[in-house]
Structures are given as structure tokens and as C-alpha cells.
Amino acid sequence: MAFKDLFATKFRAPWASFFASAENREEIAGQLEELLLLADIALPVVERIMANIAKKAKNRDGKEETLELLRQELLAVFAGQRRSSLAAGEKNVILLVGVNGSGKTTSAAKLARYYQDRGQRVLLAAGDTFRAAGSSQLGLWGEKLGIPVVSGERGADPGSVIFNAMQSWASKDLDLLVIDTAGRMQSKENLMRELEKITKIIGKFSSRQPAETWLVLDASTGQNALVQAEKFREFSGINGLLLAKLDGSAKGGGVISIAAQMRLPVLFVGTGEGPGDLWEFDAGEFVDSLLAG
Ligand code: GDP
């Protein structure tokens, strides 16, 4: 399936009825607002979108006009966001951070495969030495995908695992290192400090690295995502988002809420537990697919 088809089917039915039953501007606005809320877009974001549309709308019963203004508003949410642009032949490190269960380990494996499929020589690092299954889970992924994994014993210092992985990456003919880290609550200061240390270790090998530090968020996290992002940004300088479990949040509205409220680009989205369920995010195609039908 193509990225642009992922969301289309979920929205088709509501849009069709939206066109059928609204008669005047008030009804159009009322139904649109309801639809956006049903799509899991956060209330403050819906209110902002509705206010902007009301300001710009000219026709009394302009359904087409309203949809076009909505398209513009949704695109504006992603305006100025960069795409991830990790080219083969360049050496890069992606550090994945986030709270427990957000999808980091699975996403690390999917990313490794994504870039391997695009001709990069990839190494994985199991920086999650905290969870009993942390390293072994990534190890299994590595076996399945034919991608080497650097790991340590359970309870080992994640810094030493990452040091070893960086050494391999720096000395061998490898393009990309994807580092999984232990899940940590943003409120636990000591674990956040550990993240700071990890970033420093990586930086010692190359001042340009980690070129990418991505916060992995469960796409249905809602408002708490903002709090998480602020704390993680303080300790690890995140510069992008990977939204996992978009298949679970059903409607894609979480992506809009998160992008509208954070000044961070959405770079990848995860849509399942399989190795191929990862998509490079394309705002234009995403908005088109939401509004299709
Ligand atoms: P971590 O604790 O952040 O490393 O999270 P994991 O990668 O272990 O993922 C937690 C659970 O979410 C696992 O059962 C994964 O299979 C599942 N998961 C991860 N990404 C996705 C996704 O995009 N869609 C779905 N449906 N499940 C996912």
C-alpha cells in the first residue's frame, strides 16, 4: 500500500455525509468541527483551525470553499517542516528516545530495515539494558533482518554498549547506526541525566553526531506528548518525531495535533508491528489522503 492510501478509506464515509447534509455556513462549521474532533484532533487545534477558516471564508454555503480552506489549514500545520534526508554514503547516527512502550525498539528495527533497503550499511545498538527483554528483543529483530546488533548484558551500563557500538560504526565501513534506548519517564531526573551522558559519548566520536535524535511517541498519546517532548528536548536535543502506532489511533488526527503543538518535524510514522510498517512522512500526501473522497 502507498502512504497516500493509508488514511483515505477511514475518512471517506464522514466526508461524504458532511457534503450531503449541511445547508448553511453555521451548519457547515458545526459539522466540520465535530468531524475534526471525531478524527482525534485536539480541541485547541480544532478551535484554531475553525477560527482561521471562519476568518477567510467568503461564501455563505461554500462547502467546497470550506474544504479548500481546511486543506490549507492542515497543510499550514506542517509548513516549514523538514524531511529526514539521510543519504547513503554519509555516516549518521539516529538516537531514539521516549517513554516505555512508545515503540522505540520496534521502530529502531523498522528504521534499520528501511535504510538497509535503500542501500545503507546499518548497525543497531541495543541501548535498552534496563528491561529484561530489551536487548534480546532487538537481537531477534537483527537476526530476522540480517542486521548486526551491538548489545550488552542486562543491567550493563548503556553508556558502554553505546560506546562499543560507536566504535564499530566509526571504524567499520558502515553508514548508519540506529540506537535504541531504555524507556524513561520524563519526570525521572536521573534517567534523563543518563540520556545526557549517552549524547555526550556519541558526540565524542563525532561532533556532528547524533545527527538525528528522534522522540518516539505513541500517536494516541494526546496532550501528554507535549510534556514529554519538552523534557526530552531539554536533555537530549531532539530534532524530530517518529509517531508509532498510527494504526491504533485509527484516524490520523493525532499526527495533526502533535505537529500543530510542537515545533518539531514529523519524520516517520509507524502503522503496525511488522518490519515494513514504517513510512517516511509526507505532509502533502497525508493531508490529501485525509481529505480524499
Ligand atoms: P519500547 O518500549 O518503546 O521499546 O516499545 P516497543 O518497541 O517494545 O513496543 C511496544 C509494543 O508496541 C510492542 O508490542 C510493539 O509490537 C508495539 N508496536 C510498536 N510500534 C507499533 C506500531 O506502529 N503499531 C502497532 N500496532 N504496534 C506497535
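Both counts, for ligands and for their atoms, begin at 1 and track the order of listing.
- Below 4.0 Å from some heavy atom of Gln137 lie the following atoms of ligand 1, by number and element: 8 (O).
- Within ligand 1, the atoms closer than 4.0 Å to a non-hydrogen atom of Gly270 are 23 (O), numbered from 1 in the order shown.
- Shortest contact from atom 18 (N) of ligand 1 to any protein heavy atom: Lys245 CE, 3.9 Å.
- Within 6.0 Å of CZ on Arg263 lie no more than 12 heavy atoms contributed by other residues, nucleotides or ligands.
- Among protein heavy atoms, atom 6 (P) of ligand 1 sits closest to Thr106 OG1, 3.6 Å.
- Atoms of ligand 1 lying under 4.0 Å from any heavy atom of Asp247, numbered from 1 in the order shown and given with element: 22 (C), 23 (O), 24 (N), 25 (C), 26 (N).
- When each of Lys91, Arg121, Arg118 is paired with Asp175, the salt bridge (Lys or Arg N to Asp or Glu O under 4.0 Å) condition holds for Arg121 and for no other.
- Using a 3.5 Å distance cut-off with no hydrogens or angles, the side chains of Trp141 and Thr105 do not pair a donor with an acceptor.
- Under a 4.0 Å heavy-atom criterion, Gly183 is not in contact with ligand 1.
- Considering backbone and side-chain N/O atoms, Glu273 comes within less than 3.5 Å of an N/O atom of ligand 1.
- For Glu196, the CD atom is densely surrounded, since the number of other residues' heavy atoms within 6.0 Å is greater than 12.
- For atom 2 (O) of ligand 1, the closest non-hydrogen atom on the protein side is Gly101 N, 2.8 Å.
- Given atom 5 (O) of ligand 1, the protein heavy atom at minimum distance is Gly103 N, 3.1 Å.
- Residues Phe268 and Trp214 bring their aromatic ring centres within 6.0 Å.
- At least one heavy atom of Thr271 sits less than 4.0 Å from an atom of ligand 1.
- Using a 4.0 angstrom heavy-atom cutoff, Gly98 does not count as in contact with ligand 1.
- Rounded to the nearest 0.5 Å, atoms CZ (Phe163) and CG (Asp157) are 11.5 Å apart.
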Check step by step if side-chain hydrogen bond (donor to acceptor under 3.5 Å, both in side chains) holds for Gln31 and Glu27. CA-CA 6 Å; Gln31 290 193 10; Glu27 280 180 27; 4.9 Å; no
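- Close approach to Gly272 involves these atoms of ligand 1, each under 4.0 Å from a residue heavy atom: 21 (C), 22 (C), 23 (O), 24 (N), 25 (C).
- With respect to Ser107, the side chain to side chain contact (heavy atoms under 4.5 Å, CB included) criterion is satisfied by exactly one of Leu242, Asp180, Leu243: Leu242.
- Remark: ligand 1 and Leu246 share no N or O pair separated by less than 3.5 Å (distance only, no angle test).
- Among protein heavy atoms, atom 1 (P) of ligand 1 sits closest to Lys104 N, 3.4 Å.
- A 4.5 Å side-chain heavy-atom check between Leu43 and Leu37 finds at least one atom pair inside the cut-off.
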